[in-house]
Amino acid sequence: MSRYEPAVTEAKWQAAWEAAGVFTARRDPAKPKYYVLEMFPYPSGRIHMGHVRNYTMGDVVARQKAAAGYSVLHPMGWDAFGMPAENAAMERGGHPKTWTYGNIADMRAQMKPLGLSIDWSREFATCDPEYYGQQQAMFIDMMAAGLVYRKAAVVNWDPVDHTVLANEQVIDGRGWRSNALVERRELTQWFFRISDYSGELLAALDGLTHWPEKVRLMQANWIGKSRGLQFAFETVGAPAGFAALEVYTTRPDTLLGASFAAISPDHPLAKALEAGNPGLAAFVAECRRGGTTEAALETAEKMGFDTGIRVKHPLDPARELPVYIANFILMDYGTGAIFGCPAHDQRDFDFATKYALPIPPVFCAEGGDEAALTEAYTPLKSERVRYLRGFAGAEVQTGEEAVAAAIAHFETRGIGKGVTNYRLRDWGISRQRYWGCPIPVVHCATCGVVPEAKTNLPVKLPDDVTFDVPGNPLDRHPTWRNCACPKCGAPARRETDTMDTFVDSSWYYARFTAPHATTPTVTEDADYWMNVDQYIGGIEHAILHLLYSRFFARAMHATGHLPAKAIEPFNALFTQGMVTHEIYMGSVVTEGPSLKVDADGNQFQSIGVTRVKFYLPEEVVRIDISGKPEAVLLSALTDKNIDPANRQAVEDFWATERYAPLPTVGRELPILTVIPSAKMSKSKKNVVDPMNIIQAFGADTARWFVMSDSPPERDVEWTSSGAEATSKHLARVWRIADEISRADAPANAEDAALDRATARTIADVTQGIEGFAFNKAVAALYAFTNTMSKSTAGAGAKRAAMLAMAQLMSPMVPHLAEEIWAMLGGAGLVAQAAWPKADPALLVEDSVTLPIQINGKRRAEITVPKTMAASEVEKLVLADEDVIRFLAGQPVKKLIVVPGRIVNVVV
RNA sequence: GCGGAUGUGGCGGAAUUGGUAGACGCGCAGCGUUGAGGUCGCUGUGGGGUAACUCCCGUGAAGGUUCGAGUCCUUUCAUCCGCACCA
């Protein structure tokens with residue numbers, strides 16, 4: 001009997017698909033279209049298991065939809081701009097372009113053997129001038145549409161390297177290379193007016209019914225709509241031009257609990273005061289130290305500086321509040337100034353405690369009384385509370401009612417107004433870096449800031465650059481910066497900022513519909529293919545990438561590059577989990593056993609000192625000792641001529657070495673610690689290279705494994721034993737098919753049962769795939785394999801069942817499916833066969849087994865016809881022997897019959 | 001700090017969405033096949049108790065709602081993701 005050989009078979013079928021052009025997407029007005037897209041990868045150079053899982057999921061969907069009669073678009077490209085290419089150039093020389101395109105070639109070569117149903121003719125990289133040139137054209141259109149502007153914004157400034165740092169390059173407030181303390185510095189930068197769309201982006205979330213609820217919630221919180229009061233404090237002792245201090249608050253009902261006002265260190269008033277007050281200037285400088293991230297600002301120690309200025313309370317002008325500069329007030333939100341109500345905000349409470357400010361409560365629990373607070377009292381806004389210092393609305397009311405009443409009070413008196421605010425800020429796209437899309441703008445002495453002429457696009461990145469000096473090579477390029485003003489022709493200078501790489505990934509889905517066009521999109525293609533029917537990617541993109549893409553689609557529509565139906569570009573979204581793996585932690589001896597002296601002068605025997613070292617899975621031999629995971633070092637076995645495949649010998653080695661003394665200095669300990677289930681990362685060395693798996697077991701094994709067990713939205717643990725088991729299972733399916741192809745048993749009484757099981761499996765697998773529960777589809781196929789293996793049905797029925805199984809497996813393991821399909825004489829390619837349909841008549845069960853609970857515990861069961869009336873079931877239950885015995889004569893209080901499900905007898 | 005999620009046997013996980021907890025797989029144990037090992041096939045496998053049973057306990061922890069809770073509510077612990085210049 002022959003064997004199933006993935007290496008031969010997989011290459012054969014990939015060639016067959018290519019020859020038949022099976023995956024080329026075609027605009028076919030006769031068919032419904034289906035556009036499935038996985039988030040495109042950054043070309044790091046190596047694919048990892050997360051990629052395999054992500055793309056296999058998309059492939060399962062794409063292949064199943066193609067079989068179900070859709071015209072499918074399933075493209076692939078590269079998110080190719082970004083910092084790692086520049087870092088590589090800095091570290092080992094060379095050019096970011098060479099590095100990037102080399103990586104793309106490597107990764108494409110690793111992806112092809114997976115047998116994905118991708119239309120490779122549509123491939124592009126965002127660093128192709130043909131792509132970013134079209135992006136520049138859209139930027140110019142967006143400028144014309146008023147969606148782009150410039151303003152000052154803060155960046156992380158490295159004062160030693162004189163460069164702008166990314167947030168990830170700031171470690172504990174210091175630059176990653178220079179180790180200098182980072183400063184927040186203002187630069188004039190380019191922005192997209194995404195905040196003009198805040199309300200719409202929020203409201204439209206309701207229509208995204210096929211998006212995960214959690215993603216919609218995260219986006220809604222990110223956009224952060226709030227209703228509040230804006231009013232001005234009258235200042236006392238402020239410099240000229242600051243007679244009033246505008247503040248915004250979402251809790252105007254707590255205004256009588258205000259004990260101070262505070263402004264951001266970046267507030268114009270703070271800047272005005274800096275010049276004449278060295279102490280204040282030093283404090284503001286202190287506030288500007290450290291990174292720009294919200295997490296850094298929020299977790300920093302809360303600090304304030306009394307400006308000496310006072311403001312008059314708007315409801316009681318006799319009362320004056322001190323004005324502080326406080327490091328936790330954000331200039332970007334509201335007006336950059338607040339009033340503090342320490343009784344009902346923990347941050348304000350801490351601040352008031354620190355600076356000995358009063359903490360008057362505004363309200364207390366509904367039935368409570370005024371009492372001193374030991375922490376801020378912050379009930380939900382929907383909760384009813386009793387106002388001790390209210391000024392609008394009833395004494396007892398909810399926070400929401402009180403806020404509305406307070407706003408109305410201010411508006412009636414004309415001293416403030418209700419304002420809807422959003423947390424969402426405009427999208428800063430300027431990057432002071434080389435490896436990105438140049439912003440197509442020219443600075444002219446007479447014309448000012450002018451967009452480049454479209455005929456001069458693309459504004460290409462110059463190739464002759466070096467990365468030996470920190471900073472932006474474009475900025476110091478001798479000739480690239482000099483150009484002619486597109487308006488007046490006079491000598492001018494190019495903008496040297498490049499675009500945030502999020503811009504690149506905000507429209508690639510649209511470009512795939514016409515990837516080689518000389519305009520950003522082509523109307524007919526966008527009309528046919530948009531929207532993306534199923535988008536698949538990681539949850540880490542839940543906010544930024546997806547929100548920017550939603551904005552960009554709207555901007556593209558506003559500038560005529562997408563139809564109105566595409567302003568929400570992703571009809572359905574699926575967020576998949578990570579692939580995790582055990583970590584193997586070992587030790588290297590750095591110091592041998594010796595006599596030592598402790599702090600009290602006593603001698604003691606040290607057993608030696610070791611340093612932790614992590615090992616790759618392929619450096620390790622993994623065993624289970626009475627169910628517990630253990631591992632030994634492969635090199636330690638080979639040193640002693642122990643065969644790693646001989647389990648007993650490995651176990652003996654483990655048992656003897658386990659308590660052995662430390663080896664000599666510089667050697668590694670042969671026994672390793674196994675840490676279960678951690679995110680794959682290079683530093684922990686727990687990365688599994690998909691290429692090794694494909695070489696050892698074939699692509700189908702890798703594909704089947706990442707689809708089985710874990711629900712796709714959850715993390716999956718990669719285990720070598722699981723991969724082996726998968727490989728064995730696929731070989732078993734092939735063996736069963738092989739036997740069936742040579743069987744000749746006549747039709748018999750078992751055929752009907754197998755037909756029913758086949759129908760059941762078709763229904764379960766189809767439902768599993770369509771509902772993104774690939775693990776359940778796989779489980780149904782496992783169960784069906786057992787059924788097939790045990791069935792004594794005739795050869796005809798078995799052959800039909802196996803052909804259906806090949807089709808049902810084909811989205812997950814397309815190569816094996818083709819092989820079985822061909823072996824059993826299926827017509828054409830399984831990749832082009834119509835998806836099987838279950839005969840509904842075979843799915844109907846005519847009887848059902850009902851469990852019987854007595855007081856909620858299962859005590860018996862009865863089997864009844866499915867259509868039996870509840871009253872009939874009740875009679876049968878009460879007559880059941882087991883039920884009678886359990887009831888032991890007690891009266892039945894209640895009898896609950898859930899048709900088709902369960903019966904509960906309550907006594 | 002803020003926002004979002006997750007937690008079920010030795011392990012990955014299932015549970016028709018409030019209705020028999022542990023499907024399916026790994027691992028482990030026994031039997032068979034094989035010259036041995038592996039492969040392959042069959043059977044068993046949450047914990048505890050019992051001569052036996054239709055017994056008791058059990059879904060991170062603690063409370064609650066319900067005839068009935070892994071599923072809903074409250075509190076709490078742990079882990080993961082995001083926080084606007086990583087992609």
Side-chain angles (χ1 to χ4, degrees), chain A residues 39 41-42 44 79 81-84 155-156 164-170 212 214-215 217-218 220-222 224 292-300 302 328 332 346-347 424-433 500-502 505 538-545 547-548 575 577-578 624 626-629 645-648 676-677 679 708-711 713-717 719 721-722 724-726 728-729 731-732 735 767 773 775-776 778-783 786 789 849-853 855-861 882 885-886 893-896 898 900-907:
Chain A
M39 289 180 186
Y42 179 79
S44 60
D79 189 11
F81 275 136
M83 290 200 310
V155 294
N156 300 306
V164 178
L165 299 177
N167 284 333
E168 71 160 10
Q169 297 172 321
V170 178
K214 61 181 169 186
V215 174
L217 187 57
M218 279 191 259
N221 288 338
W222 183 261
T292 55
T293 68
E294 194 180 315
L297 297 175
E298 290 285 326
T299 51
K302 308 292 175 284
F328 57 88
D332 289 316
Q346 190 58 42
R347 210 161 48 175
L424 181 65
R425 310 198 294 259
D426 275 334
W427 175 10
I429 60 154
S430 281
R431 298 293 182 269
Q432 293 71 41
R433 272 182 257 286
D500 178 7
T501 56
F502 273 124
S505 57
I539 185 69
E540 67 271 23
H541 298 290
I543 295 173
L544 293 179
H545 163 61
L547 191 60
Y548 289 152
T575 55
M578 296 180 300
D624 280 279
S626 49
K628 285 234 168 95
N646 183 340
R647 224 204 97 139
Q648 192 55 51
S677 198
K679 179 180 172 177
S708 55
D709 290 354
S710 281
E713 67 274 20
R714 285 246 285 268
D715 295 349
V716 64
E717 168 80 2
T719 61
S721 60
E724 262 172 60
T726 298
K728 281 184 200 170
H729 175 258
R732 182 175 179 228
R735 243 185 352 263
Q767 200 192 344
N775 56 321
K776 289 185 210 168
V778 167
L781 286 165
Y782 266 115
N786 285 336
S789 145
T849 301
L850 294 178
I852 300 172
Q853 294 184 336
N855 285 338
K857 293 203 172 183
R858 184 181 173 282
R859 298 298 186 186
E861 63 180 35
D882 291 331
R885 192 154 45 78
F886 262 99
K893 278 193 199 149
K894 203 170 172 185
L895 189 58
I896 296 148
V898 184
R901 288 282 169 79
I902 201 167
V903 179
N904 197 3
V905 185
V906 186
V907 295

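First the proteins, then the strands, lettered A, B, ... as listed; each starts at 1.
- Heavy atoms from other residues, nucleotides or ligands lying under 6.0 Å from CD of A:Glu540 number more than 12.
- Both A:Trp222 and A:Asp79 lie near RNA chain B, and the one whose nearest nucleotide falls closer to the 5' end is A:Trp222.
- A:Lys728 has a side-chain polar atom (N or O) that falls below the 4.0 Å cut-off from OP1 or OP2 of B:U39.
- B:C85 atom C1' lies 12 Å from atom CD1 of A:Ile429, rounded to whole Å.
- The same atom, C1', is picked in B:C83 and in B:A87; the two are 15 Å apart, to the nearest Å.
- B:C55 sits 29 Å from B:C11 when the C1' atoms are compared, rounded to a whole Å.
- Judged purely by distance below 3.5 Å, without hydrogens or angles, the side chains of A:Thr293 and A:Asn167 never pair a donor atom with an acceptor atom.
- Nucleic acid contact class of A:Val164 (heavy atoms, under 4.0 Å, all strands): base.
- Nucleotides B:C28 and B:G12 are separated by 16 Å at their C1' atoms, to the nearest Å.
- Phosphate contact (OP1/OP2 of B:U39, side-chain N/O of A:Arg732, threshold under 4.0 Å): absent.
- Taking only side-chain nitrogens and oxygens, A:Asn786 comes nearer than 4.0 Å to OP1 or OP2 of B:G25.
- Distance, A:Glu168 CD to B:C85 C1': 9 Å, rounded to whole Å.
- Among the heavy atoms of the strands, none lies under 4.0 Å from A:Phe328.
- Residue A:Ser708 places none of its side-chain N or O atoms closer than 4.0 Å to OP1 or OP2 of B:G25.
- Across the protein-nucleic acid pair, A:Gln169 atom CD and B:A87 atom C1' stand 13 Å apart, rounded to whole Å.
- Following rounding to the nearest Å, A:Leu217 (CG) and B:A5 (P) show an atom-to-atom distance of 6 Å.
- Contact check, A:Arg735 against B:G41: a side-chain N or O comes under 4.0 Å of OP1 or OP2.
- The phosphate of B:G19 has neither OP1 nor OP2 within less than 4.0 Å of any side-chain N or O from A:Asn904.
- Residue A:Asn221 places at least one side-chain N or O closer than 4.0 Å to OP1 or OP2 of B:G4.
- At a threshold of 4.0 angstrom between heavy atoms, the contacts of A:Gly428 are confined to the sugar-phosphate backbone, with no base atom among them.
- Looking at heavy atoms from C-beta onward, A:Asp79 lies out of side-chain contact with A:Met39 at the 4.5 angstrom threshold.
- B:G60 and B:U50 have their C1' atoms separated by 31 Å, given to the nearest Å.
- Between the NE2 atom of A:His545 and the C1' atom of B:A87 there is a distance of 10 Å, given to the nearest Å.
- Positionally, the nearest nucleotide of RNA chain B for A:His729 lies more toward the 5' end than for the other of A:Lys894 and A:His729.
- Atom CD in A:Glu540 sits roughly 9 Å away from atom C1' in B:A87 (whole-Å rounding).
- Among the protein residues, A:Thr726 comes within range of no part of the nucleic acid, since none of its heavy atoms lies under 4.0 Å from any strand.
- Distances shorter than 4.0 Å separate some side-chain N or O of A:Asn167 from OP1 or OP2 on B:A84.
- A:Gln169 and A:Val164 get closest at one heavy-atom pair: OE1-O, 4.4 Å.
- The side-chain heavy atoms of A:Val903 and A:Leu895, taken from C-beta on, include a pair separated by under 4.5 Å.
- For B:C85, the OP1/OP2 oxygens have a side-chain nitrogen or oxygen of A:Arg431 closer than 4.0 Å.
- Side chain A:Gln432 to base B:C85: a donor-acceptor pair is found below 3.5 Å.
- Across all strands shown, B:C81 is found opposite B:G3 as a Watson-Crick or G-U wobble partner, with both distances under 3.5 Å.
- Pairing for B:A69 is absent, judged as Watson-Crick or G-U wobble with the two contacts each under 3.5 Å.
- Regarding A:Met218, its CE atom lies at a distance of 13 Å from the P atom of B:G3, rounded to whole Å.
- Of all nucleotides present, only B:U45 satisfies the Watson-Crick or G-U wobble test against B:G27, with each distance under 3.5 Å.
- If you take CD1 of A:Ile902 and P of B:G19, they are 9 Å apart, rounded to a whole angstrom.
- No contact: A:Ala542 has no heavy atom under 4.0 Å from any strand.
- Taking the P atoms as reference points, B:G22 lies 28 Å from B:C31, given to the whole Å.
- Between A:His729 and A:Tyr782, the ring planes are tilted. Angles from 30° to 60° get that label.
- Side-chain contact between A:Met83 and A:Thr501: absent, with no pair of heavy atoms (C-beta onward) separated by less than 4.5 Å.
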